K.L.:
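Handing you a structure now.
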Protein chains: 2
Amino acid sequence: MTKAKHETLIDRCRESGLRITGQRRVILEVLDAASDHPDVEELHRRVGEIEPGVNIATVYRTMNKLAEHDLIERHMFDDGRLRYEPAPEEHHDHFIDVETGEVIEFMSDEIERLQEEIARQHGFEIVSHKLELYVKRRKTD
Amino acid sequence: MTKAKHETLIDRCRESGLRITGQRRVILEVLDAASDHPDVEELHRRVGEIEPGVNIATVYRTMNKLAEHDLIERHMFDDGRLRYEPAPEEHHDHFIDVETGEVIEFMSDEIERLQEEIARQHGFEIVSHKLELYVKRRKTD
DNA sequence: CTTCTTATTGCAAATGATTTGCACTTGCAA
DNA sequence: TTGCAAGTGCAAATCATTTGCAATAAGAAG
């Protein structure tokens with residue numbers, strides 16, 4: 001069952017007062033279906049498979065609009081390209097497999113707690129954070 | 001005494017077999033003096049104060065060459081520009097003050113340890129990592 | 001000190017990702 | 001169904017960074 005999503009991106013767009021155009025419908029569909037963290041070029045490619053002719057500038061503009069409304073999250077990993085994922089319900093961090101480029105999500109309450117603690121020790125409070133572990137699979141083969 | 005550096009960047013360049021040109025001498029001097037994490041434009045500006053006429057392409061090329069030889073570290077914070085610092089002797093992570101843009105270094109053995117542990121649990125080994133805490137000062141005023 | 005080789009530089013043009021101006025289209029509230 | 005702001009396509013602009021090429025200069029060898 002790929003459709004265990006509580007609320008679809010289209011619904012959330014409506015709630016935010018964004019117009020649902022033909023091209024947006026496709027973009028949102030692609031985003032909802034994506035379990036990875038595609039960049040704009042990849043999104044545009046996937047959109048084009050469903051409905052050709054959508055301009056890549058439209059994809060850029062749509063992603064910016066969605067990010068403004070906190071409906072998606074933007075990431076910039078070390079490849080220097082902006083990547084996106086539908087706004088997660090739970091915060092998480094990322095492994096990036098340096099050999100395959102694959103992005104895997106993870107979450108550690110303990111690390112989160114330590115971050116808060118260290119920030120506090122330095123007189124800061126955390127606004128947001130980014131933890132990326134660039135990894136490779138442990139050799140077992 | 002600002003010169004408590006164990007080894008100057010110029011020395012390390014010589015050891016790496018890089019030629020010490022006039023423009024490099026200035027760039028390295030600026031880098032050694034920098035306690036922040038300047039981007040190329042800022043470096044170029046500081047170099048220009050000491051010796052005008054150094055081309056920004058030279059700064060880019062020099063930074064790339066230094067990074068190749070692990071004499072500096074490159075960072076890309078959320079502003080999307082490449083920033084540099086002389087290669088630190090000890091690994092550290094960064095606070096970024098979202099109000100001032102200031103970058104502060106910190107280090108936590110415990111977080112480092114936890115990262116290793118989590119990676120291991122997922123069948124990974126860490127190649128490198130990036131931890132950035134975007135923070136603001138705790139209100140005490 | 002001169003000579004030679006090759007790394008380095010300056011400049012301008014190229015690149016690659018992303019944004020924007022503008023005229024045209026379309027969602028959707030009234 | 002109409003009106004208009006929001007959205008779109010397209011091409012040109014922008015911004016950071018890289019690159020080709022001809023000229024220069026470091027530094028090793030003599």
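None of these values were measured; they are calculated from a predicted model.
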K.L.:
Can you name the side-chain contact (heavy atoms from CB on, under 4.5 Å) partners of A/Asp97, sequence neighbours left out?
P.N.:
A/Glu99, A/Thr100, A/Glu102, A/Arg137, B/Phe124
K.L.:
Determine: side-chain N/O of B/Arg19 to OP1/OP2 of D/dA25, distance under 4.0 Å, yes or no.
P.N.:
no
K.L.:
Which one, D/dT8, C/dG10, C/dT8, comes nearest to the side chain of B/Thr58?
P.N.:
C/dG10
K.L.:
Whole angstroms only, please: what is the CZ-C1' distance between B/Arg61 and C/dG10?
P.N.:
8 Å
K.L.:
A/Glu42 has an atom CD; how far is it from atom C1' of C/dA17, in whole Å?
P.N.:
16 Å
K.L.:
Answer with yes or no whether B/Arg14 presents, from its side chain, a donor or acceptor under 3.5 Å of a partner atom in the base of D/dG27.
P.N.:
no
K.L.:
Check every strand shown and say whether A/Gly22 touches a base, only sugar-phosphate, or nothing at a heavy-atom separation below 4.0 Å.
P.N.:
nothing
K.L.:
Do the side-chain N or O atoms of B/Asn64 get closer than 4.0 angstrom to the phosphate oxygens (OP1, OP2) of D/dT17?
P.N.:
no
K.L.:
For B/Arg25 and C/dT8, what is the distance between atoms CZ and P respectively, to the nearest whole Å?
P.N.:
14 Å
K.L.:
When you measure from the side chain of B/Ala57, which nucleotide among D/dT19, C/dT8, D/dG7 comes out closest?
P.N.:
D/dT19
K.L.:
Start at the 5' end of DNA chain C and walk down; is the nucleotide closest to B/Leu18 or to A/Arg81 reached first?
P.N.:
B/Leu18
K.L.:
As a test of reading the structure: which of D/dT8, C/dA17, D/dA5 is closest to the side chain of A/Glu41, going by heavy atoms?
P.N.:
C/dA17
K.L.:
Given A/His129 and B/His94, is the ring pair (Phe, Tyr, Trp, His ring centres under 6.0 Å) satisfied, shown in steps?
P.N.:
CA-CA 10 Å; A/His129 77 262; B/His94 298 93; over 10 Å; no
K.L.:
To the nearest Å, how far apart are B/Tyr60 OH and D/dC15 P?
P.N.:
12 Å
K.L.:
Does A/Asp93 come within less than 4.0 Å of A/Lys130, counting only side-chain N to carboxylate O?
P.N.:
no
K.L.:
Identify the residue among A/Arg83, A/Arg46, A/Arg81 that makes a salt bridge (Lys or Arg N to Asp or Glu O under 4.0 Å) with A/Glu41.
P.N.:
A/Arg81
K.L.:
Can you tell me how far P of D/dT17 sits from CG of B/Asn55, to the nearest Å?
P.N.:
14 Å
K.L.:
Roughly, in whole Å, what's the span from CG in B/Leu82 to P in D/dC15?
P.N.:
17 Å
K.L.:
Given atom CE of A/Met63 and atom C1' of D/dT8, what is their separation to the nearest angstrom?
P.N.:
17 Å
K.L.:
Identify whether any heavy atom of A/Ile56 sits under 4.0 Å from a base atom; if not, whether one sits that close to sugar-phosphate; answer base, sugar-phosphate or nothing.
P.N.:
nothing
K.L.:
Heavy-atom nearest nucleotide on DNA chain D for B/Val40 versus B/Thr21: which residue maps closer to 5'?
P.N.:
B/Val40
K.L.:
Apply ring pair (Phe, Tyr, Trp, His ring centres under 6.0 Å) to the pair A/His122 and B/Phe95, showing each step before the final yes or no.
P.N.:
CA-CA 9 Å; A/His122 286 256; B/Phe95 291 117; 4.9 Å; yes
K.L.:
Just call it for B/Asp39: base, sugar-phosphate, or nothing, with non-hydrogen atoms closer than 4.0 Å on any strand.
P.N.:
nothing
K.L.:
Between P on C/dT8 and CD on B/Gln23, what's the gap in Å once rounded to a whole number?
P.N.:
11 Å
K.L.:
Of the listed nucleotides (C/dT20, C/dA17, D/dT8), which one gets closest to any side-chain atom of A/Thr62?
P.N.:
D/dT8
